[in-house]
Structures are given as structure tokens and as C-alpha cells.
Amino acid sequence: MEKEEEDRNIRILRTGVLSPLKRWSAKWSLWPCHFVTSCCGVELAHAFASGFDGERLGTLNMGISRQANFILVEGTITRKMARPLRIVWEQMPDPKFVNVIGACGQRGGIFWNSYNITRPSEIVPVDFFVPGCPITPEGLLRGVRAVQDKIAGKDETTIKFKKVTLPSEGTGEESTAPSSPKKFVPTPLVKVDIARDVDWSSGSAIVSNLKSELDGLYKSITITDKNRIAIKTAPEDLVEVARKLSGNVGVDHAKSVNVIDVPHERKFILEYMVSSYSSKELMPVIITIFTDIVREAEPKFPSLTPLWESTDYSEREMHDFFGVKYEGNEGMNSKFILAPETQTPLRKDFNIAEETYVFDESVPLNPPIELTSDLKMPAPEGLFDEAEASDEFMVLVGPHHTGSGHLRWILRVKGDRIVDVTPDPGYVHRSMEKLAENRLYIQNVPLFERANISDPFCMNLGYVHAIEKALGIEVPERVKYIRTMLAELSRIGAFFYDSGIFGLFTGHSTAFMYTWAIREMILEAVVRMTGSRCTPSFIIPGGIRRDVPKDVLDMTSNFVSAINKRLKKFEDIFIYNPVFVARTRGVGVLTREEAIKCGVVGPFLRASGVDYDIRKVEPYAAYDKLDWEVTTGDAGDCLGRYMGRYEEIKQSLSILKQAVEAVKGMPRGDVINEDILGEYKEASEDIKGHLFHVYGDLVLPKGEWTSVIESARGTLLYSIISDGDSNVPYRVRIVTPCWMNLRGIIEASKGERVADFWSVYGSFGYFPPEADR
Amino acid sequence: MEEVINELMGTIMSNQLNIPALQPVLDSVSQLPVVGLLISFILWKPVFALLICPGLSTVGILLLFFPWVERKLCGRIQWRVGPREIVPWLGGLIQLLADTLRFLFQEVIVHKDAHRPYFLQFAFLSFIAALLPLLFLNAGNVIAIETPYAIQAMLALVCLFPFFILGLGWASNSRFAYIGTVREAFMYFAYEISFIIAVIAMVVLYGTSNPLEMADKPWGLILNPIAAFTFFVGAAMATSRMPFEIAEADQEVAAGPHVEYSGIAFGLIYVMCYEKAYILCGLMTVLFLGGGSGPDIPGITPLLGNDLMGIVWFLIKTIIVLTTLFVLRTIYPRYRLDQGLNIGWGAMITLSLIALALSIVLVQGGIVL
């Protein structure tokens, strides 16, 4: 970044006779262009919605870069997003200002050693940094104020450090540098199918049924856990096994596609996790089909997309990560979620930076990041020529577009009809799966939470649930209810988040403001309980960090009533608004078969008539002890998907109320399981001060541990592979609901009108940071 | 020569704005050589109409403060405050001044794909074109060009707006501008016919198209509410208000025809939308709300005189209509293009024809007048 470029804007404002007027007007008219780059966008929206109302300062959010003069870089800038950031910045008229919010924008924050992030200050000149992960709305507005001051001429926003010399202690002993707490086993034994004796009555029957169906095709069928079956096959038999499963057993969708790199054995383990919506018996069961293939530069393997279309995008993802070429999948020629220059980063021989505990001159504080100067945004080859030849029109939506969110959609339209949609995700890919392989189990709790800060507790709960299953820990009764309460709070919060965005997409700004005002209440309750608005990391293996006091519980139940009351107003202005109904009814219909085929999950699947909710199918926390119902519909259109979720939220409010009452009725007591605490029994009511002692050396038993929970937007799957000796996971696979729903959006919007795309997109509650991880 | 001047002075003096409260001051000032002439020139009704009200000054003040009113009002409806910190004790009243100045001092980018001459021309031309109908708009009995065809002339000029927007979009030469422009063109045809029929219905009803004569008749809103409704919806479509903000849909086509404009060029387009809205609401006031007519207020009417009271009533009514039009934004989402067209070609035309029939029945049946 050249100095001249950095100072240009201020120079423009300070020259000329009219300089005072220029400065005054620029100061009070900083219009941020709508450039959502990562999850801090949630808090940004809070800053400009009812609660904090950034418009007070004269900053009006403007969708179009040409008319804005201010960029609020919201957190992480990935390699893929770096190009759009520069392009948007260059599109804006001078004088223009940049404010970077969030810790990731400075040195990467929690993702500091990710292979996919860059530093915004190397791409555009930055006027002010606001720290925080995520920032609070107050912090953001303070950042805006700071830029205003800078424009007005008050530049002294930087603290000046004074140099002091510390007296040396002079003990003469050279202190030893702390060593890394991480333990890696150089040649671990990675096994996916480790048989266990579990209390699962119908398990043996299912296994014997599978054995008879797949006779001669499998190498072994093992029960690895309750409701978990692993089938090992030879590489050439896997497709046949899959065909038998889908044809005879009733397996109709894939939950995950996974590859495990085992370099010292020169093999890749290819996994498909599949399950069934049609057979009641198989609903909670996850069948893992896996095989070993030879590890080479570009191994080839037949794709399973003809059988289960829901594997499509995950296979493309694995192609990006490991270079496995799935033959038969269309997306194997280009990168899907990674920037074009990144090569197979999840292979074990792709190294990322390690922490240093002692300052070392030879190790740079900011590891250099190589950026490409190429500002082209690659689009699938031949797409444009092909479209032009058939009298069609390509519309590139995003990643900087008022209605795109953090990803790019390439719409191919004929007249006003959408012929095809090509998604271009990965603009918020922060490489969580790779980072997790390099961190302690407990360090991954805050990491995974950042996948979706609008639904933090469910993201937490899923991961912690997998660990607890592995360790065989049962949490105290009170904790179960508190966890249920927290999960429902975050589900309700996520629903209002999506409603607000849906409102904006259909042009209803009042809906956005109302929902954000309601979210403010939910966040207040979360703050009182946990101390953080969006990233509490409150749920830890064995329990929760500390107990929730009674007055906060009272306040939460008051909030439930307050939300119910405001919901009525929201209903009147948005949900039953005739224009909204006209925009969504009969639009983007997914039938039951289509929805299952393209792998839609969660409330969006239930809206198409599939009665599948993990809270009922495989209950966790206290869901089996509370009184609630699963809401299903059969319309499958945008209105159905939205109303289904709305009804579900009414149920959630009832669950929340019940859980709060239940917790109130229980005596205060331990909130962390005693077994996991070991010698630190005094930490059983509050983990403060003991977190590292208790969890630093957590090691999971050997094998693969899969947990599925129902997060706000659908099935969230964590699959942790442990080698049994290291205190870091060997591989973690996260399949988030939004990632699975991506294909649903594509399928539902085909054949609809251009404007309907935003109805479909809004109705799916797509949250890009969650999808890209 | 002298005769000509005298005749001119006679014309000017015979058609002066009469303000009883200011009359003594005006009388004394009129004795001064140049100032007096200037003041009587400004108070000459046609010039007053052009320069002060409903003309340029009113438009200027409205453009500076009405967006603020809109933002504040929407803010209140949406449980927030709206612009404030710029002058906290006035509630951020001069927010738009800062925005306008900022646009004025900002770079105007002409991207390389644009058709440069037209790209710049249309931004300025459209601002001026949107002002033309003011020639025939009357506030009370103040009008720039008094003609029995004022309503028709205004309508013709109002229907010019979309051509300039099409020009903006065409000159921009960008994908979203292109889609937005096509949408604008579609919507234009959809609302225009019913809009014109609604106006014709009122002309038929009143038996005249001279706005000064309309003011003496009963309110059109009461006589023919269907025409009033059709006109209002047509105005919402013409000014791209919710729920018909289809051509400029931010989330869909990224501000449509305006997407490539920056700096003062965008500033002009931005205020053009308010100009359009003001003119259509003024027309609505004239056609349906009795124009500048209003009850006498004891103590004030004798002071201000009928001319000025007409202006005051006109402004009050116009601003009420304008506010209603702008508050729609907070109530409705946006229709899809095909739904907008359906409403335009279906319901709106039907309604306007019913309104026309109603007018004919009322006139023929001798119920009115």
C-alpha cells in the first residue's frame, strides 16, 4: 500500500477554499456501502437497526458502491473476498474511507493462521480499526465517530506508547521457554470403524439386515456407537454398496462426504455418511460407508451424485480440499469454494503457521501473505458464450450486492425467467476444518462457534455433544435444561435474523427493524447469562461454564412474554402483509422428493412434508422431557418454508418457557460433570480459573465420533476423528445446514422469475459464514 | 416605447399577489426606484408561481427538508430515531444539506462502458425535465401559465419522466441498469393509461380542465373516490414507491437505472424522484382535494389574504399526500414485476374505467353541478 494512496482522501478534503464545507459534509454523510464480508455483519446490522440506530450519525446504509463513500470491512477478508474488496473500493468515488471492524481484519483474530485469510490493510488503505470478535455495535459506532473526527481534523486517535526499561531481576537463571501444550503423534493409527458394545437394541437387527442385503460387497460392518454403523468396502464395490443401500434399504440422502488423509500409510479414507428419511427405523441411524484409496496427486473415484444428489457440493468441496477427483461430478474442473491459487490445503503435508511462545527475531510477527494482483473474478468457463448463443442473459449477483450476502450467484436468465443458477460460495471460508486439526479440543469450542454467530449455542452444543459422546459423559440434569434453554434462545434469535433479512430481500425495511429490535432482547438475555452477545463459548464438555442466576431466569421468562407481544405487531406488518404473501405463495416449490434429493435439511425439509427433527428422532439435552410438537407442512413453497419456521418458533418460545420454569424449580448445584473435573472438584460450579487445567490435555478415545443436532437452520453434523493419543483432533468434519441447503436454493429458484430468486434465497435463511465455515 | 413599458407595468400591477398584512410595507417599498420594480415583478402572480410557490423555491426547500421528514418519520415507525447527531437540538434537520454538499464535492465517475455524453446529459436533463410541469401547477389562484388546458399540458409533461429514466439506464450500459430500465419501461406502460383515464374522469366530472375553476367545485375525493384511489396508486407506480419500487429495487437490480451514477449526477437523480413525487401530489391536490381552497380562519385569513391562504392550503394538502405516499415504504414489501404489471393492466385499468363511468353518470344524472 503506497503512502500516497493512503493520504489521498484526507488531502482532497483539506485542499481548496471550500475545505471546511467539504469536511463538514463528508463528516456527516458517511454512507457505508453494503459490503458484507463476514460474520461481524450480524453486529453491523444491529448497529444500524432499531437498537443502536447508526443513522443518527448520518450514516445511511447504501447498497451501491458508486454512491457510497465508506466501507465497513466486516471481519475476515478471505483470499477470494480480497478481489471484491479491492474492486469495490476502486469503484467508489473519492473521497472515500475504510473502517475495518473485527479482530480478523487486523491480524486474523482467531483465524490468524488460516491459509485462506488476508489482511485488509494490505488491500485497501484503512482509516480506523475496531477490535473485537465480533465487535459490539457500540464499538462499531465509535469507529464511525473516529472516522468523523479524522475527517474533521482530529487525527489523534492513536495511542502513543512510551518506552520504559524494566529492571532486570538478575537471578542469573535462564528461564525456559514455555512449550506448546499440543501433542501430535507422528504416525497415528487412524481407524474409522472401531467396534463398541453399546446399549442399542435394534442395532444388531439392522446390521444383520445390512449384511444380508450387501452380501459379498462389504469387508466389515461394525457398530461404532449407538445409531452409528460403519461399512467398510473395497474401492470398486463402494458404488454398488451405495446402489444397494439406496435401492433396497431405503437410504435416501447423504449427510456428509468426508476424506481423511493418512500420509504415512499412503492412503485416503473416503467416507460417505448416509441416512434415511423414509424408513422410520433408519431415521436416527447414520451409516458410514468408507473405503481406502491410494494417496496420489489426483486420485480418481466415481461420484455418487447419480444416486444421492445431496453429495454434489460436498464432493466438490473435497475436491478442493484434497484433490480427489470424483468422476461424474460436473464441478471437477474448477475450484468451488477456494481461491484459484490455493492447492489441496487439507492434506496433512500442507502446513500452516504455528504459535510462537517466545519472541523470536527470525519469526516475523505478521507472517507475509502472498496476494495475487489479479482482480478478475473467475467465472465458470464457457458459461457466457453458451448463454449468449442461446439468447440468454447472465446476471452476476454479488458478492457485493445488496441482495447477495457473502457469496456470488451467477443467474442465467431468459427474459424474466431463471434458467439456471451457478453458486460461487467460499467468500467466507475461514478454513475451520484445517484450523481445528491444529488446536486443542477445548480451543475448538470458540472456533466452531464462529461458524455461525447468529446461532452460537447450537454450534457449540453440536461439537461438545460429540466430545461428550466420545468420553461417555452424562451432564447434570440442571445443565440439560439450561442447554435446552440456550439452544432455543439462539434458535429464536436465528429465526428473527432470517426474517429480517427476508424482509430486506422483499424490500420491507420495517420488518428488518422490528426483528432486530426483538433480537436485541434475546441478546440481552444471552449477555446476562453468559457475558457475551454472540460468541459466549458457554457450553463446554461436561457442562456449562457457570450457573445461571435466578434473576436472569426471571428476566428471560419476561422476555418470552415481551417477544410474544411484539410478535403480534410483526405478524401484522410483515407476515400477513398481502404483498408479502403474494411474493411468496407458490414460489420456489420443492416437493418432498425434490427436497430429499437435493439434501435440504431442517425446517425447510419439514416444510416439504418430511417429519424429521433430530430433537425428536435422537433427543439430546432435555428435549425428550419437554412438551412440544414438530411442525411440518406440505406446501414446500417460500411461504410454507417461512410459516413452518414461524410455527416452530412459537413452539420454541413454549420450550424456552418450560425450560426456564424447570430450571427455576431445580436446586442450584453442580453444572459440570465431576468425572471430567478430575482433581479440580472445586470448579464444579464455575470453571473460571481451571479451564486449562481441566481441559488442556483432553484426549478422545480412538475412532470416529459423529454427533448430529438440530441447529436453527437444520441438521448440524460434527464428525471428529481421533487417533487416541494426540490431544488435537486428527480431522474434524463439519456439515452445516446452510451448506446442505445451498443446493435447495438452486433447485427451488430454477424456472422462477428473477425477482423470485430473492424470495427463495430469503426463505432458506441462508447464512454464508455458516455454509463456508 | 413608453407605451409598451406602461402596458407591461399595467399587466404586472393588475395581477399582483395581494397580502393585506404586508400591504403597508409593500406600498412604501414600491416607491423605491429599482427595488420596488423588482418586488412588484416577483409578486406578479405568474412569476411568483414560477420562482416562489409552487415553483423553484418551494421545490428547493422541499428537497432539502422533505427527505429528512421522510427519514425521521420512517425512523419513528421503525422504532428508531433517524438522523439526529448533526444538530441534536433540531433533530438533525440539516442532514440533507450535508448529504447534498457531500454529493456535490464527490467525484463523478463515468465508467468506460458508459456512453459519456448521454450519461452526463441525462442526469442534468432529467432534473430539469422533472421541473417542467410546474409551469401549469397552481397553488390557489397562483399559476404560471393560465390556460384552459393546464391539466392536459401537465399530464403530457408528467408522462415525459420515464423517457429520461430510460435514457439514464441506456447510457449507463450496465447489466443491472439494463434490467432496471426494461422494468421501468414495462411499468410505465402499465400505469400510464389508467393514470390518464383517472385524470380524464375528473376533467369530465368538473366539466373543465382549468385548475383555477376546479378549486370552486366540491372535492374530487368525495365525488369520485375510485378515481382518487387509481390516481394515488398510479402516482406510487410513477414515482417508484413501495410496493411498486420495481425498477429501482435495491436488493434485486441494485438501484436499476441509477446504479452507475455517482457524485452530483446521482444527487440530481436522487432528488428528481422527490420532484416527481411533489408534482404528482400537487396534481392530486388540485384534482381531488380542492387545490388551494379551504375554510376561512378568523384572524389569519384577513391578514394573509386569499392569495396567500390558497398557497398555504395547497402546501398543507400536498405535504399530507406526499407524506402518505412516502410512508408506504415502511408498510409494504415490493411486488414482483409481473404482479406490478398485472395490477397496472388489470385492476388499475378496470378501476379507472369504472371511475370514468361514475363521472359520466354523475354528470349526466345531474347529481353534481
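Order of the sequence lines sets the chain letters (A, B, ...), proteins ahead of strands, with each chain counted from 1.
- If you measure heavy-atom distances from B:Pro83 to chain A, the contacts under 4.5 Å come from both the backbone and the side chain.
- Close approach to chain B, defined as a heavy atom under 4.5 Å from one of its heavy atoms, is seen in A:Asn577, A:Val579, A:Phe580, A:Ala582, A:Arg583 of residues 577-586 of chain A, taken by number.
- Chain A is approached within less than 4.5 Å, heavy atom to heavy atom, by B:Tyr178, B:Ile179, B:Arg183 from residues 177-192 of chain B, ordered by number.
- Between chain B and the options A:Pro95, A:Ala49, A:Ser759, A:Gly51, heavy-atom pairs under 4.5 Å are most frequent for A:Pro95.
- Looking at B:Glu245, there are no atoms closer than 4.5 Å to chain A (heavy atoms on both sides), in backbone or side chain.
- Closest of all the heavy-atom pairs between B:Arg334 and A:Phe505 is NH1-O, 3.8 Å.
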Task: Audit row: B:Trp79, A:Glu520, side chain to side chain contact (heavy atoms under 4.5 Å, CB included) steps and yes/no - done: CA-CA 12 Å; B:Trp79 302 350; A:Glu520 206 63 62; over 6 Å; no
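- Both the backbone and the side chain of B:Tyr335 come within less than 4.5 Å of a heavy atom of chain A.
- A:Ala511 does not touch chain B: none of its heavy atoms, backbone or side chain, sits under 4.5 Å away.
- Here B:Glu85 pairs with A:Arg56, A:Arg145 under the salt bridge (Lys or Arg N to Asp or Glu O under 4.0 Å) rule; sequence neighbours left out.
- In this structure, chain B has a heavy atom under 4.5 Å from the backbone of A:Met92, while its side chain stays farther away.
- The CG atom of B:Asp338 sits 4.0 Å away from the CZ atom of A:Arg753 when rounded to the nearest 0.5 Å.
- Summarising the geometry, atom CD1 belonging to B:Ile86 is positioned 9.0 Å from atom CD belonging to A:Gln148; distances are rounded to the nearest 0.5 Å.
- Nearest heavy-atom pair, A:Trp28 versus B:Asp99, reported as atom, atom and distance to 0.1 Å: O-OD1, 4.3 Å.
- Interface check for chain B: of the options A:Asp416, A:Asn69, A:Leu57, the most heavy-atom pairs under 4.5 Å are formed by A:Asn69.
- Under a cutoff of 6.0 Å and an axis angle of 45°, B:Arg102 and A:Trp31 form a cation-pi pair.
- Here A:Lys22 contributes atom NZ and B:Leu104 contributes atom CG; the two are 10.5 Å apart, rounded to the nearest 0.5 Å.
- Nearest heavy atom pair, residue A:Thr510 against residue B:Gln78, reads OG1-NE2, 3.2 Å.
- Contact tally against chain A (heavy-atom pairs below 4.5 Å) for B:Arg84, B:His111, B:Arg175: the top residue is B:Arg175.
- Between the side chain of A:His508 and the backbone N or O of B:Ile331, at least one donor-acceptor pair lies under 3.5 Å.
- Between the A:Asp53 side chain and the B:Val81 main chain, a donor and an acceptor come within less than 3.5 Å of each other.
- For A:Ile573, the parts lying near chain B are the backbone and the side chain together; criterion is any non-hydrogen pair under 4.5 Å.
- No other option in A:Tyr514, A:Phe574, A:Trp516 has as many heavy-atom pairs under 4.5 Å with chain B as A:Tyr514.
- For a heavy-atom cut-off of 4.5 Å, chain A lies close to no residue in residues 114-126 of chain B.
- Between chain A and the residues B:Gly91, B:Ser262, B:Pro88, the largest count of heavy-atom pairs under 4.5 Å involves B:Ser262.
- Heavy atoms of other residues, nucleotides or ligands lying less than 6.0 angstrom from CZ of B:Phe164 number more than 12.
- Residues A:Ile64 and B:Val259 share a closest heavy-atom pair of CG2-O, 3.4 Å.
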- [ ] Report the C-alpha distance between A:Leu21 and B:Phe105 in whole Å, list the side-chain angles of each, state the deciding distance to 0.1 Å, and finish with yes or no for side chain to side chain contact (heavy atoms under 4.5 Å, CB included).
- [x] CA-CA 9 Å; A:Leu21 266 184; B:Phe105 293 129; 4.0 Å; yes
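- For B:Ile109, the part lying near chain A is the side chain, with the backbone staying farther off; criterion is any non-hydrogen pair under 4.5 Å.
- Although no hydrogens or angles enter the test, the distance criterion places a donor-acceptor pair under 3.5 Å between the side chain of A:Gln67 and the main chain of B:Tyr261.
- Note that CZ of B:Phe176 and CG of A:Leu396 are 7.0 Å apart. Values are rounded to the nearest 0.5 Å.
- When A:Val395, A:Leu504, A:Val754 are compared by the number of non-hydrogen pairs under 4.5 Å with chain B, A:Leu504 comes out ahead.
- Around atom NZ of A:Lys569, no more than 12 heavy atoms belonging to other residues, nucleotides or ligands sit under 6.0 Å away.
- For a residue to count as touching a neighbouring chain, one of its non-hydrogen atoms must lie under 4.5 Å from one of that chain's; by this rule B:Gln106 touches chain A with backbone and side chain alike.
- With rounding to the nearest 0.5 Å, the separation of CZ in B:Arg336 from CH2 in A:Trp758 is 13.0 Å.
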